[in-house]
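Everything below concerns the one structure shown next.
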2 protein chains.
Amino acid sequence: MRENTTLKKIAEKLNLSISTVSRALKNHPDISPETKKKVNELAELLEYDPNPYAVNLRTHSSKEFAIVVPSLSNFFYHSFITAIEEDARDYSYSVIIYRSSNDAKIEHEILKSCRHKRVSGIFIAITAETTEIEPFLKLDVHGIPVIFFDKVPEYESCNKICVGDEHAASIVAEEILNKGIKNVLGIFGDKNMSITQARMKKFNEILSDNSQVNIKSVHATSSEEAEALSLSLIPDFLAKKSAVFCMSDEILAGTMKAIQKIKLKMPDDIGVISISDGMIPKLFYPEITYAETSGYNLGKLAFSRMMRCIAGSSFAQTIIDESKLVQGGSI
Amino acid sequence: MRENTTLKKIAEKLNLSISTVSRALKNHPDISPETKKKVNELAELLEYDPNPYAVNLRTHSSKEFAIVVPSLSNFFYHSFITAIEEDARDYSYSVIIYRSSNDAKIEHEILKSCRHKRVSGIFIAITAETTEIEPFLKLDVHGIPVIFFDKVPEYESCNKICVGDEHAASIVAEEILNKGIKNVLGIFGDKNMSITQARMKKFNEILSDNSQVNIKSVHATSSEEAEALSLSLIPDFLAKKSAVFCMSDEILAGTMKAIQKIKLKMPDDIGVISISDGMIPKLFYPEITYAETSGYNLGKLAFSRMMRCIAGSSFAQTIIDESKLVQGGSI
DNA sequence: AATGTTTCCGCAAACGTTTGCGATAGAATT
DNA sequence: AATTCTATCGCAAACGTTTGCGGAAACATT
């Protein structure tokens, strides 16, 4: 096992002190140009790279961000991560990705590890079962900023970056009105999730304003359940100009299975519209019209908020990212 | 910013030396049971956790694995990561995930970072443009085992865990023969990729043995290209008992778009079969029959290989994971 | 009572940096 | 010629651990 080159080695070869080498490498004004040149050349040759553990031990700063997500099999998180990584690179931070598996215990361990590694900051989408926020506040006490995104806690005074659930639901509802749809089947997710409540409230609100539209809302907690509901309910909707709204990708997947099974054609037999990050909707023909929730945008917003926190802003803020309608041909 | 508790603080409160506290915490036989009890209790109370930077600086070991993948939006890698994380937890290793974005330069930086962090080991699926393997060999010199998976280099003497491309292609071909298909359109990926060559060779080999089957092979490098090819070629196949084989999810997505566009019914109008991790095939009705390449299996195999390496095995090995046919109803 | 064994614990060095401070030389100022 | 600057550099402490070694009791053996 070959050893890494250290300041000490460079110092010995050049007959200098360790401190001089260290300063030369960071372009400290105390060091003469000639010495700097010599040191830099040898460092280059020996492929010197500072030992991050020693640096951190000394300086208490790690120049790395942590991103914690419940799951990775998700286009939305993937594009969020992409956005963060892009920006982080510009500021020469590196990013490490953690996966909580939607398990509060694992999440807690990850947090602890982040604390001890003294990461520079944490971006986190909490698990569905996360109830305590003290651990997060504790991180702030330790000087590690926490930016919540997507799945955020109820707690008020913390930094949250969310997709605009109300806004997404509203542009979907508007589109339904525009198309002159008279019958709507809305399939929503788990009743207890705040995302469900927000999307459903706004959606029903807008469509109820228009007395000519007939709405039926149901809940499904899995793709299979969405499929079963679609199979049993959609046939009743075929008589008149109608559409089904799927609140999420998971539900959309189930509904599409049913539509294929009954051999319905979009948009004539039935319209389909959803809220999505855009991956699933593009697998079908015609492509599904959807309100796009952009993980990428969210990432950009989260990063700039993070940098502000690191710069010293202790002011907590909730930022909402609005989505835009992407036309498929399904409605 | 509150400070973390250190050995020193515990030592002072208990009027002990730092070394005694350290040893007590690791249950060293030199320490009396009473002292151990006192120390452990106070450590618990103060939420002591060793500073990983100090530990690493001292011991040169980090107890963490790195997983490097080109992309995260991929069910296959996701299940690979899941498998590694499960096993790592059992051995109290933690895992950090890096994303190379299919960029050799970024990959190289990640590798450097891994080296300086002295991760305990690296699991990596290399980028399409990775040509040099010296950096990987250098890691081995530094005592960091590297296990390649999925996308592996040509280089012989290294540890590789791959899906059995030949085997997957063969069971797909067998299924085509079983179903009595006479006309086959095979859509393969980029000609230059070894995975394409392996799958195509075996596929054509088996079907050619059977003189009654008529095969046409084409290449597509994107989902859109696959769709275009499907649109133009599939109509010619409708006359007789025929099927299309999609080498990958990307191609399958394009082909399915075309099939929906032409309004064909599976399996009567045309059969569809593919090699996949299983996510995309389940979005359609009927579900697509596919040879399953399991990231999860690969992960388990990779991990046990890794542990053997850490235990000292310098013997390089290539392990092939065979896949199994998952029946949909598409052929 | 003298010696040998345990049992329990502390000293101090080391890992590789960063950084405040002091030291030395020559140059510039009186 | 005595003094003050300035430019360069080195010393040493600190970050929080781990660990070889040695030391002092307490106990057991002659």
Side-chain angles (χ1 to χ4, degrees), chain A residues 1-40 42-43 46-64 112-113 115-119 142-143, chain B residues 1-40 42-43 46-64 112-113 115-119 142-143:
Chain A
M1 156 154 34
R2 218 185 63 198
E3 288 304 314
N4 276 320
T5 87
T6 68
L7 289 183
K8 193 171 165 192
K9 276 193 206 146
I10 298 182
E12 279 168 0
K13 295 219 193 229
L14 256 38
N15 253 341
L16 288 169
S17 77
I18 294 178
S19 36
T20 302
V21 176
S22 173
R23 282 190 255 257
L25 253 10
K26 356 185 79 60
N27 205 22
H28 192 284
D30 264 11
I31 308 299
S32 74
E34 307 93 71
T35 309
K36 280 179 187 168
K37 186 153 170 290
K38 279 196 303 182
V39 170
N40 278 303
L42 188 59
L46 265 41
E47 298 184 30
Y48 171 77
D49 256 297
N51 179 323
Y53 293 97
V55 174
N56 182 286
L57 190 57
R58 190 51 230 259
T59 65
H60 290 198
S61 88
S62 69
K63 276 283 195 180
E64 56 185 17
K112 230 169 59 177
S113 152
R115 182 152 60 88
H116 290 105
K117 289 174 107 152
R118 308 195 232 222
V119 298
H142 282 259
Chain B
M1 160 160 21
R2 217 185 63 196
E3 290 303 316
N4 276 319
T5 85
T6 67
L7 289 183
K8 193 172 165 188
K9 276 195 206 144
I10 298 181
E12 278 167 0
K13 296 219 193 226
L14 257 37
N15 252 341
L16 288 170
S17 75
I18 295 177
S19 36
T20 301
V21 175
S22 173
R23 281 190 256 256
L25 254 9
K26 355 184 81 60
N27 204 23
H28 192 285
D30 264 12
I31 309 299
S32 74
E34 307 93 71
T35 309
K36 279 179 187 169
K37 185 152 170 290
K38 278 196 306 185
V39 170
N40 277 304
L42 188 58
L46 264 41
E47 299 184 29
Y48 171 76
D49 256 297
N51 179 323
Y53 294 97
V55 173
N56 182 286
L57 190 58
R58 189 53 231 259
T59 65
H60 289 201
S61 88
S62 68
K63 275 282 195 181
E64 58 186 13
K112 229 168 61 178
S113 152
R115 181 153 59 91
H116 290 106
K117 289 174 107 152
R118 308 194 232 222
V119 298
H142 282 259

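This structure is a prediction, so every number in the text was calculated from the model and none was measured. Chain letters run A, B, ... following the sequence lines, proteins first and then strands; every chain starts at 1.
Side-chain atoms of A:Arg118 and B:Asn4 include no donor-acceptor pair closer than 3.5 Å.
Taking the side chain as every heavy atom from C-beta outward, A:Tyr48 and A:Leu7 approach each other to under 4.5 Å. Between B:Tyr53 and A:Pro52 there is no side-chain heavy-atom pair separated by less than 4.5 Å.
The closest donor-acceptor contact from the side chain of A:Lys26 to the backbone of A:Val21 lies at 3.5 Å or more, if one exists at all.
Here D:dG16 presents its P atom at 13 Å from OH of B:Tyr53, a figure rounded to the nearest Å. Whole-Å rounding puts the A:Asn4 CG to C:dC15 C1' distance at 13 Å. Protein atom CG of A:Asn56 is 14 Å distant from nucleotide atom C1' of D:dA14, rounded to whole Å. Rounded to an integer number of Å, the gap from A:Glu12 CD to D:dG10 C1' is 15 Å. At whole-Å resolution of the value, NE2 in A:His60 and P in C:dT19 are 12 Å apart. One atom, CD1 of A:Ile31, and another, C1' of D:dC9, lie 6 Å apart when rounded to the nearest Å. Following rounding to the nearest Å, A:Lys26 (NZ) and D:dT8 (P) show an atom-to-atom distance of 19 Å. When the P atom of D:dG10 is taken as reference, atom CG of A:Leu7 falls 13 Å away, rounded to whole Å.
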Contacts under 3.5 Å, N or O only, protein and nucleotides 5-7 of chain C:
none

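Between B:Ala54 and B:Glu34, the residue whose closest nucleotide on DNA chain C is further toward the 5' end is B:Glu34. Mapped onto DNA chain C by nearest heavy atom, A:Asn51 and B:Thr35 fall at different nucleotides, with B:Thr35 at the one closer to the 5' end.
In terms of the side chain to side chain donor-acceptor pair (under 3.5 Å) criterion, residue partners of A:Lys117 (sequence neighbours excluded) are, by chain and number, A:Tyr98, B:Glu64. Contacts of B:Asp49 classified as side-chain contact (heavy atoms from CB on, under 4.5 Å), with partners at least two apart in sequence or in another chain: A:Lys112, A:His116. Applying the side-chain contact (heavy atoms from CB on, under 4.5 Å) test to A:Leu14 and every residue at least two apart in sequence or in another chain returns A:Ile10, A:Leu16, A:Lys38, A:Val39, A:Leu42.
Sorted by first and then second residue, the side chain to side chain donor-acceptor pair (under 3.5 Å) pairs involving residues 13-23 of chain B (not counting sequence neighbours) are B:Ser17-B:Ser19, B:Ser17-B:Thr20.
At a non-hydrogen distance threshold of 4.0 Å, B:Asn15, B:Leu16, B:Ser17, B:Ser19, B:Thr20, B:Arg23 from residues 13-25 of chain B come into contact with DNA chain C.
In the set D:dC15, C:dC15, C:dT17, D:dC15 carries the atom at the smallest distance from any side-chain atom of B:Lys8.
In plain terms, the two heavy atoms of A:Asn56 and A:Ser62 that are nearest each other are ND2-CB, 3.5 Å.
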